[in-house]
Engineer: 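Shown below is the structure under consideration.
Along the sequence shown, residues carry numbers from 1.
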Amino acid sequence: MVSIEKEVHEFDIRIDKAISNINYELLAKHAKNYGGLLSNFRDEFPNFEEQGPILIEGYKNLNYIKKLPEVHFGIVDSLDFNARAIKSEIDNQYIILLNKGLLKEFDSINLGIQNISKDKFYIQNPLWLTILFQNLVFEHELSHVLYGHLDWLKEIRSLNLLSEDNKSENLNPKLNYKIQTLEMIADNFSQARIYGWLNNIATNQLIPHIPNYRYQILESLSDSMMCFYALNKLYFNLKLETETKGKNTHLTPRERIVISFHHILTGTKKLEIDIDKDKLIEKSIDKIKMIELFFWDEFGTPMNADFWDSKNRYLKLNEFCLSLLNNWKAIKPELNKYTYFKMN
């Protein structure tokens with residue numbers, strides 16, 4: 001039987017090798033249009049360089065149907081986007097760029113929650129929320145790569161990137177609708193990966209060597225919901241209920257949050273996670289209140305009144321959300337040629 005210490009040592013070796021293989025020349029080339037690649041990121045974001053390779057290492061344990069691609073992660077200082085996945089000109093190599101400002105916001109929210117919450121876990125494990133924030137963004141962008149979204153769009157429309165704030169005035173409504181569907185699926189797939197990861201942490205108590213990780217599944221899942229809500233609070237005005245079709249390739253924040261609440265319920269059932277769903281929703285909403293309070297205190301951002309006035313109505317899937325779920329059934333067969341994993 002392999003010891004935990006040996007497993008950890010071998011894992012560290014694989015991560016170090018992955019980091020040494022990062023193609024910084026390719027990253028720099030694609031970052032040039034966005035203010036250039038941040039060179040001193042190790043000082044400001046010490047855990048960033050290893051986080052992407054750690055996630056990729058996890059995918060190697062799954063049943064992939066073709067050789068996994070090389071994915072290179074970098075940071076730029078740009079006002080043009082929050083996060084972006086790019087299909088490079090080199091076969092089987094992809095770029096994921098995150099904006100420095102977004103990562104700084106993660107740190108700011110993390111500190112804010114440490115100050116607001118009565119739960120001392122956040123202070124005792126100060127990297128936990130930062131890791132959760134980063135993984136939610138990383139996994140969303142990785143979903144565009146690993147489930148064939150970028151390759152498919154490149155072939156049908158010569159598009160080689162997807163961004164967290166793509167504008168779509170120049171896209172025809174049918175293509176835009178397909179991209180909105182892909183964004184919904186990227187949210188769902190990325191959150192499913194997060195739920196599986198959190199469940200593995202909760203059920204494997206033999207890894208105390210990993211600091212900052214939360215082992216109580218009710219707390220960790222509700223933390224992930226809190227972080228996803230905060231991301232959308234950062235990106236958009238959460239009070240928006242609808243957006244003109246064709247204006248943006250992404251769902252409205254409200255639609256993303258509503259779908260995420262429904263997805264965590266179906267996801268925990270699929271993973272057979274033993275959890276009280278009512279308590280999970282209640283705990284998630286309690287933590288979302290901290291996000292609302294932080295944004296009010298820090299930025300003067302008004303509370304999301306629609307959410308608090310009628311949570312049941314706010315969290316109801318609207319007709320557009322349901323239509324996207326149906327549209328996914330039509331799109332999925334087209335992605336089978338490009339995906340690295342079978343899609344259920």
Engineer: In terms of heavy-atom contacts, does CG of Asn21 have more than 12 from other residues, nucleotides or ligands at under 6.0 Å?
Structural biologist: yes
Engineer: Between CD1 of Ile291 and CG of Asn232, what distance do you get to the nearest 0.5 Å?
Structural biologist: 11.5 Å
Engineer: Considering only NZ, NE, NH1 and NH2 on the basic side and carboxylate oxygens on the acidic side, decide whether Lys100 and Glu105 come within less than 4.0 Å.
Structural biologist: no
Engineer: Do the side-chain N and O atoms of Thr130 and Asn110 include a donor-acceptor pair separated by under 3.5 angstrom?
Structural biologist: yes
Engineer: With no hydrogens and no angle check, is any side-chain donor or acceptor of Ser117 less than 3.5 Å from a backbone partner on Ile113?
Structural biologist: no
Engineer: Within a strict 4.5 Å, meaning less than it, do heavy atoms of the Gln134 and Asn47 side chains meet?
Structural biologist: yes
Engineer: Are the ring centres of Trp152 and Tyr147 closer than 6.0 Å?
Structural biologist: no
Engineer: I would like to know whether Asn327 and Met184 meet side-chain contact (heavy atoms from CB on, under 4.5 Å); could you show each step before the answer?
Structural biologist: CA-CA 11 Å; Asn327 193 44; Met184 175 198 70; over 6 Å; no
Engineer: Kindly check if the number of other-residue, nucleotide or ligand heavy atoms within 6.0 Å of CG (Asp91) is above 12?
Structural biologist: no
Engineer: Any idea which heavy atoms bring Ala28 and Leu37 closest together, and the distance?
Structural biologist: N-CD2, 4.1 Å
Engineer: Report the C-alpha separation of Asp77 and Lys104 in whole Å, then their side-chain angles, then the decisive distance to 0.1 Å, and conclude whether the salt bridge (Lys or Arg N to Asp or Glu O under 4.0 Å) test is met.
Structural biologist: CA-CA 11 Å; Asp77 192 1; Lys104 298 292 281 186; over 6 Å; no
Engineer: Taking the six-membered ring for Trp, are the ring centroids of Phe41 and Phe45 within less than 6.0 Å of each other?
Structural biologist: no
Engineer: Mind checking the CD-OG spacing from Gln93 to Ser88? Nearest 0.5 Å is all I need.
Structural biologist: 5.5 Å
Engineer: Determine whether Asn115 and Tyr122 satisfy the following criterion, side chain to side chain donor-acceptor pair (under 3.5 Å), listing intermediate values before the conclusion.
Structural biologist: CA-CA 9 Å; Asn115 292 329; Tyr122 300 116; over 6 Å; no
Engineer: Do NZ/NE/NH1/NH2 and the carboxylate oxygens of Glu57 and Lys60 come within less than 4.0 Å?
Structural biologist: yes
Engineer: For Leu68 and Asn92, what are the C-alpha separation, side-chain angles and deciding distance, and is it a side-chain contact (heavy atoms from CB on, under 4.5 Å)?
Structural biologist: CA-CA 8 Å; Leu68 294 181; Asn92 221 36; over 6 Å; no
Engineer: Is Lys29 salt-bridged to Glu89, going by a charged N under 4.0 Å from an acidic O?
Structural biologist: yes
Engineer: Is it the case that the side chains of Ser323 and Tyr177 hold a donor-acceptor pair, with the cut-off being a distance below 3.5 Å and no angle test?
Structural biologist: yes
Engineer: How about OH on Tyr64, more than 12 heavy atoms from neighbouring residues, nucleotides or ligands closer than 6.0 Å, or not?
Structural biologist: no
Engineer: Can you tell me if Asn304 and Glu292 form a side-chain donor-acceptor pair at under 3.5 Å?
Structural biologist: no
Engineer: What closest approach, in Å, do Ser224 and Leu136 show between heavy atoms, and which atom pair accounts for it?
Structural biologist: O-CD1, 3.9 Å
Engineer: Establish, yes or no, whether a centroid distance under 6.0 Å links the rings of Tyr34 and Phe81.
Structural biologist: yes
Engineer: Could you tell me whether the side chain of His72 and the main chain of Ile95 form a donor-acceptor pair under 3.5 Å?
Structural biologist: no
Engineer: Let me confirm one number: the CZ-CZ distance from Phe299 to Phe294, rounded to the nearest 0.5 Å.
Structural biologist: 4.5 Å
Engineer: Do you know the tightest heavy-atom contact between Leu271 and Gly196?
Structural biologist: CD1-N, 3.7 Å
Engineer: With distance as the sole test, does Asn125 use its side chain to make a donor-acceptor pair with the main-chain N or O of Trp128 at under 3.5 Å?
Structural biologist: no
Engineer: Using 0.5 Å steps for rounding, measure from the CG atom of Leu182 to the CD1 atom of Ile331.
Structural biologist: 5.0 Å
Engineer: Test Val76 against Leu38 for side-chain contact (heavy atoms from CB on, under 4.5 Å), laying out the working first.
Structural biologist: CA-CA 5 Å; Val76 295; Leu38 198 66; over 6 Å; no
Engineer: With a 3.5 Å distance limit and no angle check, can you tell me whether Asp276 reaches the backbone of Lys279 through a side-chain donor-acceptor pair?
Structural biologist: yes
Engineer: Atom NZ in Lys316, atom CG in Leu322: separation rounded to 0.5 Å?
Structural biologist: 9.5 Å
Engineer: If you count the non-hydrogen atoms of other residues, nucleotides and ligands that lie under 6.0 Å from NZ in Lys277, is the total more than 12?
Structural biologist: yes
Engineer: In sequence, state the C-alpha distance, the side-chain angles, and the governing distance for Glu219 and Lys283, and then conclude on salt bridge (Lys or Arg N to Asp or Glu O under 4.0 Å).
Structural biologist: CA-CA 8 Å; Glu219 296 293 343; Lys283 177 72 73 170; 3.2 Å; yes
Engineer: Testing the basics here: between Ser190 and Ser143, what is the closest heavy-atom pair and its distance to 0.1 Å?
Structural biologist: N-OG, 3.6 Å
Engineer: Could you walk me through whether Ile257 and Arg254 pass side-chain contact (heavy atoms from CB on, under 4.5 Å), step by step?
Structural biologist: CA-CA 5 Å; Ile257 290 165; Arg254 180 171 186 166; 6.0 Å; no
Engineer: Under 3.5 Å, is there a donor-acceptor pair between the side chain of Lys66 and the main chain of Tyr338?
Structural biologist: yes
Engineer: Check whether Thr339 reaches the backbone of Leu335 with its side chain - one donor and one acceptor, N or O, closer than 3.5 Å.
Structural biologist: no
Engineer: Locate the shortest heavy-atom distance separating Gln114 from Ile123; write the atom from each residue and the value.
Structural biologist: O-CD1, 3.7 Å
Engineer: Please report the shortest heavy-atom distance between Cys227 and Leu129, naming the atom on each side.
Structural biologist: SG-CD2, 3.9 Å
Engineer: Has Arg256 got its NZ or CZ under 6.0 Å from the middle of the six-membered ring of Tyr229, at an angle within 45 degrees of the ring axis?
Structural biologist: no
Engineer: Centroid separation under 6.0 Å, is that true for the rings of Phe138 and Phe73?
Structural biologist: yes
Engineer: Asn200 and Tyr195: side-chain donor and acceptor closer than 3.5 Å?
Structural biologist: no
Engineer: What's the separation between atom NZ in Lys289 and atom CE in Met226, rounded to the nearest 0.5 Å?
Structural biologist: 14.0 Å
Engineer: With Lys332, which residues qualify under side chain to side chain contact (heavy atoms under 4.5 Å, CB included), at least two apart?
Structural biologist: Trp328, Met343
Engineer: Just by distance, with hydrogens left out, do His140 and Gln191 show a side-chain donor and acceptor under 3.5 Å apart?
Structural biologist: no
Engineer: Would a distance-only check, ignoring hydrogens and angles, find a side-chain to backbone donor-acceptor pair under 3.5 Å from His263 to Val258?
Structural biologist: no
